[in-house]
Number of protein chains: 2
Amino acid sequence: MPNIVLHYFDVKALGESIRLLLTYGGLEFVDHRVDEKDWESVKPSMPFGQMPVLEIDGKQYAQSVAIARYLGKKFKINGENIEEEFEIDQNVDYLNSIRDEAAVVHYDIEEKDRERKYNEMKEKFLLMIKKLDEIIRQNNGHIAAGKLTWGDFVFAGSFDYLKMLLRMPDLEKQYPSFRQVIDAVHEDFRVKDYSMRSPKTEY
Amino acid sequence: MPNIVLHYFDVKALGESIRLLLTYGGLEFVDHRVDEKDWESVKPSMPFGQMPVLEIDGKQYAQSVAIARYLGKKFKINGENIEEEFEIDQNVDYLNSIRDEAAVVHYDIEEKDRERKYNEMKEKFLLMIKKLDEIIRQNNGHIAAGKLTWGDFVFAGSFDYLKMLLRMPDLEKQYPSFRQVIDAVHEDFRVKDYSMRSPKTEY
């Protein structure tokens, strides 16, 4: 077995999809959860001074979406041809563009502006979410290609983070398609088991 | 020949890498440059209400990085194996993360805050640019895999936009490696010819 370590903070956010994918692939890994207070000392050892970073036998892999796509190919839950691969990439990028726009507001340096900016953006967020729901319904409860792919793991792993950023804690009640993607990922017994025993964090 | 149309604004920004890639691949395309004043009427016909959108025989492709990766595979300037493909994805995502951080400041809803926020972020931007230079030097003047890939087209196509967002108009003078990537893309005679006759825009 290769020696695998995932370095990330003690949250799901951008790291959980990688944890879920490694679990799905049956690869054991050290789930190294870096405490916020230790981050400055850990940072210089990370390729871009960012996490998550996946380490496989000493080789470092950075950038969460690139890692998820890579693991998807390793475990054969990627597209069957370049058209399908494109479709997954496109829809994952769209999903992440929603999160990015919400993050800009949530992490605005000017704390006092966050509330007002959120209200200015809310209508746009709702439209983007509605479009995402349409995409998933067109794909039988998946992000793309009408079947289980690494894109579904990106969705399932980052969903709580997306809800927090969007301030929409009941999103999957309003859009049952979102619950379908999460359920599809958890049909795998290893993933299901992992999610029961993994550390509980808010997002 | 397939019927190809690229829909984008009359700028390079996120669309130029696609124009350069289509040119490199020897595919003729209609370069549909949408005037800002017509955007609201065009918007509903775009899959995510965003551009660039590439249309090949009526099929629409959205999300600029996903399109560039797709064309890279079509024209065989992608990775040779999943490790190389990962490396391109990772480094392109890093490049784009610099642009994203700069864009957050440049497009801040509060115009009056942009100047101050830029000054607060400038040191971070410089560190990220330095890291990007290191990566390109390690890859013989390329974004990844030590050779010409679609990642170099993403760099070359969006470089003027990156410079504008970063407010660093002389970036390639300070970092000759950046000029190397642009030159590598323009070694192809079709790309060179295209760049000479294409509409001149600031970014």
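Here is the naming used below: chain letters follow the sequence lines, and residue numbers restart at 1 for every chain. Since we're looking at a predicted model, the values are computed, not measured.
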Residues of residues 59-74 of chain B near chain A, each having a heavy atom less than 4.5 Å away: B:K59, B:Q60, B:Y61, B:A62, B:Q63, B:V65, B:A66, B:I67, B:R69, B:Y70, B:K73, B:K74

Within residues 104-127 of chain B, residues adjacent to chain A where the heavy-atom gap is under 4.5 Å: B:V104, B:D108, B:I109, B:E110, B:D113, B:R116, B:K117, B:E120

Looking at A:K131, A:E83, A:E134, A:M128, which one has more heavy-atom pairs under 4.5 Å with chain B than the rest? A:E83

In terms of heavy-atom contacts, does CD of A:E80 have more than 12 from other residues, nucleotides or ligands at under 6.0 Å? no

Can you confirm whether more than 12 heavy atoms, excluding those of A:K130, are under 6.0 Å from its NZ atom? no

Neighbourhood of chain A inside residues 37-48 of chain B, taking heavy atoms under 4.5 Å as contact: B:P47, B:F48

Part of A:E87 within contact of chain B (heavy atom distance under 4.5 Å): neither

Using a 4.5 Å heavy-atom cutoff, which residues in residues 137-151 of chain B come close to chain A? none

